[in-house]
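Notes to accompany the following structure.
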Amino acid sequence: MLPGTSVGAENSTDMQLPLPSQLRVKCRIRTTVFSTLFHIAVFTYAAALGGCSSRGQRSTTDSSSQATSFKVALLTPGAISDQSWNGGAYQGLLRIRDSLGAQISHIQTKTPAEFEENFRQYGNQHFDLVFGHGFEFQDAARAVAPSYPATQYVVTSGNTSSGNVSGMVFGFAEPSYLAGMIAGTMTRTNRLGVIGGTELPPVRESFVAFEEGVHSVNAAAKVVTAYIGNWDDVSAGKEQALAQLASGVDVIFQNADAAGLGIFQAVREATGAFVFGTNSNQNDIAPEVTLGSVAIDLPHAFLTVARQVRNHTFTPGIIKLGMREQVVDLVLNPRLSSRIPSATRKAVDSARALIAAGKFSRPSASAAAR
């Protein structure tokens, strides 16, 4: 320490001691370094505090609209990069932000414990609307919602409602039936396959409808079913598809989210095989082998509910959205549509018209109604 300086002198940039110019420069350098390190430490500590969250992977929290009083959150069971079920839901969340100026948040969750924890987190933060994206979120929503009556919890593919918990049911079976009609015509081996992530009721129902569509045009065809056991293992999805293809399957209808990307890979590498996309329009993933996609317009569905909640016109209950509401449809791949026989396309169009008029009933649906 120089004579006449104090312990705190290093923090000052205005030292008046009669030091030689070389020493003054060194003092200024030391002061600048100390100040920089101090600010880095403060910034790092603040960032660490801001990054804390509940369990589950928070992929984004949009704080660009902090002044708004309308807050909407989304929990997904898988990655939003799947170009399918979860990616479509995230696009719906972005549509709400852009159209309604809402503050939004998204967390990817894995376990039922995380479902409940994050539902509670959003309730504590006074979110107006929380989407649990999948049938598996129902129990957690029913357990948490009574503690937060000001928050609306909407479970997609949920088939029950109570209090401030609603189910959003997509009419996925009808366009799956149309896809089956096309698949039953396009097969050359009379052996078709369906592959799902896990055996959830909505997935199972769509597979039944697909098989009914196949048999409506090809009674001799056989449909084999497989489940991967998860929704995000691309390699496992590819292995299941390769096994089906090796057994003679030449058309696959898949509903497997990110794991489905492996199914597209397997079909693309095969010869003379086709695949259908689901949940989102997946025709561009492997356009040379994708006949079409049973697509849900999740952004439209999410925005419709969010607008009602914001305007205080929302009535909790079971929300049914299908082809008649123009939320779900079979979207043919224009690159391959010419390969579908014209008679089949006409039959599909006729069935579509009956669905739009409310006059179409699948065999299993008719049996269940009796």
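From a predicted model like this one, the values you see are computed outputs, not experimental measurements.
- Taking the six-membered ring where the residue is Trp, Phe276 and Phe210 present perpendicular rings, their angle passing 60° and hence far from 30°.
- Side-chain atoms of Phe253 and Leu192, non-hydrogen and from C-beta on, never get closer than 4.5 Å to each other.
- Considering CG of Asn281 and CD1 of Ile296, their distance stands at 12.5 Å, rounded to 0.5 Å.
- Under the 3.5 Å distance criterion, the side-chain polar atoms of Asp233 are matched with a main-chain donor or acceptor of Ser235.
- The structure places CZ of Phe119 at 12.0 Å from OH of Tyr148, a figure rounded to the nearest 0.5 Å.
- In this structure, Val154 is a member of the same hydrophobic cluster as Leu100, with clusters built from ILVMFWY side-chain heavy atoms closer than 4.5 Å.
- Between the side chain of Asn333 and the backbone N or O of Pro287, at least one donor-acceptor pair lies under 3.5 Å.
- Taking 4.5 Å as the limit, every side-chain heavy atom of Thr187 sits out of range of all side-chain heavy atoms of Arg191.
- The minimum heavy-atom distance linking Met181 with Ala351 is given by the pair SD-CB, 4.3 Å.
- Residues Gly134 and Val155 come closest through the heavy atom pair O-CG1, 3.1 Å.
- The shortest distance between side-chain heavy atoms of Asp82 and Asp232 does not fall below 4.5 Å.
- Of the possible donor and acceptor atoms, none in the side chain of Thr109 sits under 3.5 Å from a partner among the backbone N and O of Leu75.
- What you find for Thr151 and Leu129 is that their closest heavy atoms are CG2-N, 4.4 Å.
- Contact check for Ser176 versus Glu211: no side-chain heavy atoms found under the 4.5 Å cut-off.
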Q | Step-by-step side-chain contact (heavy atoms from CB on, under 4.5 Å) determination, Gln121 to Ile107 | A | CA-CA 11 Å; Gln121 170 181 302; Ile107 297 178; 3.7 Å; yes
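- By the criterion of side-chain heavy atoms lying less than 4.5 angstrom apart, applied directly or through intervening Ile, Leu, Val, Met, Phe, Trp or Tyr residues, Val328 is grouped together with Phe131 in one hydrophobic cluster.
- A donor-acceptor contact shorter than 3.5 Å links the side chain of Arg345 to the backbone of Ser337.
- Side-chain contact between Phe207 and Glu199: absent, with no pair of heavy atoms (C-beta onward) separated by less than 4.5 Å.
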Q) side-chain contact (heavy atoms from CB on, under 4.5 Å) between Lys238 and Glu269: does it pass, once the steps are laid out? A) CA-CA 10 Å; Lys238 185 174 183 178; Glu269 295 169 7; 3.0 Å; yes
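- Taken together through direct or relayed side-chain contacts under 4.5 Å among Ile, Leu, Val, Met, Phe, Trp and Tyr, Ile355 and Val331 form parts of separate hydrophobic clusters.
- Atoms CZ and CE, on Arg339 and Met186 in that order, are 5.5 Å from each other to the nearest 0.5 Å.
- Looking only at distances, no side-chain donor or acceptor of Tyr122 sits under 3.5 Å from a matching main-chain atom of Ala73.
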Q) Going through the checks in order, is the side-chain contact (heavy atoms from CB on, under 4.5 Å) test met by Gln254 and Gln282? A) CA-CA 11 Å; Gln254 60 79 35; Gln282 298 184 303; 3.1 Å; yes
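- Counted by atom type alone, Thr156 and His133 present one or more donor-acceptor pairs between their side chains at under 3.5 Å.
- Residues Val208 and Ile195 do not share a hydrophobic cluster, clusters being chains of Ile/Leu/Val/Met/Phe/Trp/Tyr side chains in contact below 4.5 Å.
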(Q) Please evaluate residues Asp128 and Arg310 with respect to the criterion side-chain contact (heavy atoms from CB on, under 4.5 Å), reporting the C-alpha separation (whole Å), side-chain torsions for both, the decisive distance (0.1 Å), and the verdict. (A) CA-CA 8 Å; Asp128 301 280; Arg310 187 198 62 174; over 6 Å; no
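- Heavy atoms only, all atoms of each residue included: Pro316 and Gly163 are closest at CB-O, 3.3 Å.
- The two residues Ile228 and Ala259 make their nearest non-hydrogen contact at CD1-CB, 3.7 Å.
- A salt bridge links Arg142 with Asp139: the closest approach of a Lys/Arg side-chain nitrogen to an acidic carboxylate oxygen falls below 4.0 angstrom.
- In this structure, CG on Asn279 lies 8.5 Å from CG on Asn86, to the nearest 0.5 angstrom.
- Leu178 places a side-chain heavy atom less than 4.5 Å from the side chain of Met323.
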Q.
What verdict does the salt bridge (Lys or Arg N to Asp or Glu O under 4.0 Å) test give for Arg335 and Glu288, after you've listed the backbone C-alpha separation in whole Å, the side-chain angles of each residue and the deciding distance to 0.1 Å?
A. CA-CA 7 Å; Arg335 289 186 56 174; Glu288 68 275 22; 5.4 Å; no
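- Atom CD in Gln108 sits 8.0 Å away from atom OG in Ser81 (nearest 0.5 Å).
- Considering every non-hydrogen atom in both Gln240 and Ala226, the closest pair reads OE1-CB, 3.4 Å.
- Asp250 contributes a side-chain N or O that, together with a main-chain N or O of Arg188, makes up a donor-acceptor pair within less than 3.5 Å.
- Leu261 has its side chain within reach of Gln83: a pair of non-hydrogen atoms, C-beta onward, lies under 4.5 Å apart.
- Checked by atom type and distance alone, the side chain of Asn218 never pairs as donor or acceptor with a backbone atom of Val214 at under 3.5 Å.
- In this structure a side-chain-to-backbone donor-acceptor pair under 3.5 Å is present from Asn164 to Ala145.
- Using a 4.5 Å cut-off on side-chain heavy atoms (C-beta onward), His106 and Ile104 make no contact.
- A distance of 14.5 Å separates CZ in Arg307 from CZ in Phe314, rounded to the nearest 0.5 Å.
- A donor-acceptor pair is defined here as one N or O able to donate and one able to accept, closer than 3.5 Å; such a pair exists between the side chain of Ser84 and the backbone of Thr278.
- Note on Leu321 and Leu303: same hydrophobic cluster, where clusters join Ile, Leu, Val, Met, Phe, Trp and Tyr whose side-chain heavy atoms are under 4.5 Å apart, directly or indirectly.
- Judged purely by atom type and a 3.5 angstrom limit, Gln138 uses its side chain to pair as donor or acceptor with the backbone of Thr160.
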